[in-house]
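Structure, as structure tokens:
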Amino acid sequence: MIESSPLLAIAIPLVGGALIVVTGARRNLREAVTLVTAGCLLAAVAALVPAALKGPSPTIEVLHVLPEIPLAFHVEPLGMIYALIASGLWILNSIYSIGYMRGNRESHQTRFYLCFALSIASVMGIAFSANMLTLFICYETLSLVTYPLVTHKAPKPAAVRAGRTYLGILVSASVLLMLPAMVGTWMYTGSLDFVHGGVFGEALADGSVPPWLFGFIFFLFMYGIAKAALMPFHRWLPAAMVAPTPVSALLHAVAVVKAGVFSVCKISTYLIGVDKLAEFGQGGWLLYAAGISVVAASFIALFQDNLKRRLAYSTVSQLSYITMGAAMLNPLGMMAAAMHIAAHAFGKITLFFAAGSIYTAAHKTKVSELDGIGRRMPFTMGAFTIGCLSMIGLPPTAGFISKWMLLGAAWTTEQYFAVGVLIVSTLLNAAYFLPIIHRAFFRAPPPPSAASDESSTAAGVPHGEAPWPIVVAVTGTAACAATVFFYPSVFADLAFALMRGMPT
Amino acid sequence: MEGLGLFNYWIAVAIMMVGFYGVIAKRNLVKQAISLGLFQTGVFLFYITMSVYRAPDGTPGRAPVWEAILDGFTKDPGPYDNPLPHVLMLTAIVVGVSTLSVALAIIMNIKRLYGTVEADEISEIEEAIEHREEMMSR
Amino acid sequence: MDALTPHLPVLLVLTPLFGGLLAALMPRRGPAPWIWSALVTGFEVLLGLSMVKLVRQSPQETITYFIGWWPAEYGIAYEIDALNAYVILVVALLAFVSTIYAKSSVEDEIPKDRHNFFYSIWLLAISGMVGICATADTFNIYVLLEISSLTVYTLIAMGKYRDRRALTASLKYLILGSIGATFILLGIGYLLMLTGTLNMADMHEQLMLMKAEGDLAGNRTILVGFTFITVGLGLKMAMWPLHLWLPNAYTFAPSAVSALVASTATKVGVYMAFRFIFTLFGSVYDSSATLALMAFCGTLGIIVSSIRAAQATNVKKILAYSSVGQLGYIVVGFSMANESGVAASVIHILNHAVTKGAMFMACGAVVLRMGNADLKSFYGLGRRMPATMAAFTIGGLGLIGMPLTSGFISKFYLISGALHDGKWWLAMVVLAGSLISIIYVWRVLEVIYFKKPEKRAPVEEAPFTMLIAMWILASASVILGVDAELTGRLAEFAARVLIGGAT
Amino acid sequence: MSKRHPVTGAFQAPRLIEHQSVLRVSCKLLVPFIIMFAVYVITHGELGPGGGFQGGVIMAAAFIFYGLVFGASRLVDRIPSRITDFLMAAGVLLYAGVGLHNLLAGSNFLDYSALNPAHPSEGEALGMTLVEYGVGITVTSVFITIYVTITEPRFMRSKRENVKVTD
């Protein structure tokens, strides 16, 4: 039973998607299906945790996509963290979606829920992939099934254009960089399996792969994974913000971008082998690339007035933390990166939920319009504050733990550039998040008459909290962010398990 | 002298090239089709001259079939030409005729629907159509 | 059936030949010719399957059939090995599916009393294409090539009932195709002169003997023969820049003909190139320079014609230009002359046939319902003809080379082939080509799903026979992409057979 | 000048020909002999120069001669297109059918000796003759069709050819 579970985790959302299509006409039933599917998925994923703590499980081969490379899945700690987050947050996100989609009277809701279920299925596939080909296939599938979500407001030119940017960058990078890297790995080593220490050991030892080629393949992988939003391949992320907020929240703060950084970590750990990189003096540049990406994205975020765009740039910078963790090329850094995958997920989804909540209740999208909104939407803005704290890395939130681990890893391995980046970016994070909180709670709301002539959406008309499902979801994720601070054991154990397995 | 000894090939090539030139340079579709036929005929000639055999003593070869059969295959028919290329060309001629007739059939249809068999006039008409289509799809 | 088993190689060719002749005798009106053709091509698929089964029983051997018991040196021999069994099966399958598809499209585009004539020519074309794959006699290849070409010219010219430009397109194809065929004939003549035989294997042996005796050094006859054959084949398989006949021919042909021809005709040309370059000239003649030139033409073809496809406004034309580009992949694949490169080529023959067939079929359904295949006709069809457009989308994804579609498998092999020789630039060009293909496919997909239709008038979904056919191909594309175990192994084996002669 | 056929709309030969008795009589006299010669050439093709192609063309020449003298429309009246269409396919069918018969009789395709297992060489002779006739029939009907198609302004298809002219 346990053996078949990764397949179960992929099958559940697929079955759910089919049921969503069947029940599409009756929306209560359809949304109940979504919630039940999400619940089942979390249970199925949670049942895998004990297996994951023991390290990579035996591989399950499904199909032979290519004669010698099967579509295969296994359970290992890093993927477990990712799967756990995605499946757990899917429940909250579904609750939130119900409130948001109904509250804003969005069209094509069945398509929305279907694509969501399919995206989660691809995410599960990525999380449990046992070789590079499986990861690549699921990665591309994820790009494709999220495309209809990004272009949800399709006939609008803005949505179509955003869809082009989104798909264009993601697919171009993966096809032009990641695919040759993958095929190259296959050609030179004869294996694409994810194993501890990577597959390059032999080829490097007998000299059939020169170190520069090894480094080049690593380079192709790192930039090929555009979902990790390493600058300059980050443009798709702000573009994707035209999608409805639940999409931005779960996919572009959690599932899709985490697919990117997860792939970065997984490939560095299991396919390339960070110890090999360190041994052959390759890949050191990644630390600097990621560090620059962190600071630059934070800096850009400072000047964004659109709340979702500011959050998007914040995501770019936070993702590069994770890449930076991987780029430290040692187990401690990788562990911190794994931890930050979890920590950032809870924080960022809370922020996006809050942004959507504000949009639903008050129809406001800009930071400058948020004066005094905290008094009308105390729950939302309270949750928002917790999310901000987590982003900045202050206790009592999950962000503190992971940032602490990152800093610790940087200190112990004497990578002072990383230390500097962490400090500067923390200051920048504070600089772009705290003013929002300040506005929301400590400034007086604008007088009702002043704004009414500006916008047709009754900006100044008194409004209260968002619909209850939204509030439930947003407080729920905020609570998660805080809980992980007090009880980090699940994620920390998995991260430790990951570190233990790595050769030093 | 050696080049002259191959004069049959020179002629085959010359006929081919005349045809090829016609296909490329002529703007009348019927002339193009005829040139195509000429081009193929050059190849037929090439095959047929290839089959010619001359014995070391200078006796020219000949068609072996008739007399050998009359003799009941009893005595050596003497030097004879290679019959294989002849057989091949019999087929190839049929193919050539078919090609020509298909070409002419198409050209007749073109004449009916375009009112001309001059390639330049046809391409003018087609450019006009394409231009209109592009205007419509803008 | 058992009694006929030894005759399979020739039956493959005879079935559509007789079928076509009998179709001409059928009543002019009514569905009889169509039903007959579907039966004949269905039977052809069965024959192809049993042929493949026969080959798989003894994969090392070649099944040889002597017509009229004449030995191979004098008569015509048909030889079937793993490679041509595979290509024959591809042609037979595509022919069957296109025949099913043809019903509604032919009813719409061809005058009522010409149906028997149409299906007669149609079956003869299939017969010619299968024959090219089955025969081992070079001159027979020429004859069958002309049979298939002449019938295809006629089929394309029948597009005149919809658009008169079909006639000029067909004539252009006829002229260039005949020049190509004549070049091939000329090349065969040179080889006949040199070896005195027409059988491919025999020719190869004679050439090897001559090489061993040192007669081939500086021999210009073989050089000229090889050149003529290569140029002729390039014309026949529409290798860039010899592809000029292709775009208009595919655009203005009747829809069913576009589907059939696009998925089989050029593939047969590629098969001939395999035979000539690898089986006949392999290890006799150092063709590396030619192959390098072909790689160059192939890469340029991929880029240039993909760009042309991105500029076209007629969807059929987009697909036609994309066919030239996809052919570039096949050419690039075998020009590497290593195992995974040739395997990529072989595999892409099937994969491209399936995807492009599905797309042309979807396009034909649009022509049936909207009257033409302009980009404008596709506005908002995603809601009005969902099943057709879904098939088109799957085909498009396959063309791009998305994972889980057949295109990805070919691309994987192709890149492995390029990296095998350390040709990173070639891999990059191939990938850049597929990026451009994203542009032209996405242009159509955006129009299908995001644009508002111009006219409010309701549009019916495509007829059932069309849907079945295009969905067979679309799902085949997915199945081949999900599980390439069988095709991959077959292609690797075929590649080994081909390359084996060259090493 | 020339008149159109009342039913088919085809151009008819000028009435003048009715008075050209020499032409008409000699044509009527010659045609059977030409056909006989054609049959001879076809039959003889097995052993000597001649055969289906040549004989077929000669045979067609007989009909074309008739058409030249009496007008193609009259030729079409005598030999309607459905007959030539049928013969075109039937000739090839005869040719290929002989081969198929051998295949079904247990020998290889086109192995004519199977036609007469007791005397293989006679079987071959019979096979070749049949093949020649098949070819001859096809060639005849093809040439008649080509002649009729080129001379007549496509009267046979005047109704169904409602081609959309795209401009």
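Letters A, B, ... mirror the listed sequences (proteins, then strands); counts begin at 1.
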Determine the interplanar angle of the A:Y147 and C:W442 rings, folded into 0 to 90°, and report it as parallel if under 30°, tilted if 30 to 60°, perpendicular if over 60°. perpendicular
Pull out the residues in residues 113-121 of chain A that come under 4.5 Å of chain C, heavy atom to heavy atom, sorted by number. none
Is A:L177 in contact with chain C via its backbone, its side chain, both, or neither, using a 4.5 Å heavy-atom distance? neither
Does anything in residues 214-230 of chain A reach chain C? List residues with heavy atoms under 4.5 Å apart, or say none. A:F216, A:L220
Counting only heavy atoms closer than 4.5 Å, note whether A:Y188 contacts chain C via side chain, backbone, both or neither. side chain
Pairwise side-chain contact, A:L133 with C:F408, heavy-atom cut-off 4.5 Å (strictly under): yes
So for C:S434, is it side chain, backbone, both, or neither that comes closer than 4.5 Å to the heavy atoms of chain A? side chain
For the residue pair A:T151 and C:Y449, establish whether any side-chain heavy-atom pair is separated by less than 4.5 Å. no
Quick one: does A:M182's side chain get under 4.5 Å of C:F412's, heavy atoms only? yes
Do other residues, nucleotides or ligands put more than 12 heavy atoms under 6.0 Å from the CZ atom of A:R30? yes
Taking 4.5 Å as the heavy-atom cut-off, does anything in residues 395-406 of chain C contact chain A, and if so which residues? C:L397, C:M402, C:P403, C:L404
Which residues in residues 163-174 of chain A have any heavy atom lying under 4.5 Å from a heavy atom of chain C? A:R164, A:L167, A:V171, A:S172
What part of A:L71 lies closer than 4.5 angstrom to a heavy atom of chain C: side chain, backbone, both or neither? neither
Kindly check if the number of other-residue, nucleotide or ligand heavy atoms within 6.0 Å of CZ (A:R111) is above 12? yes
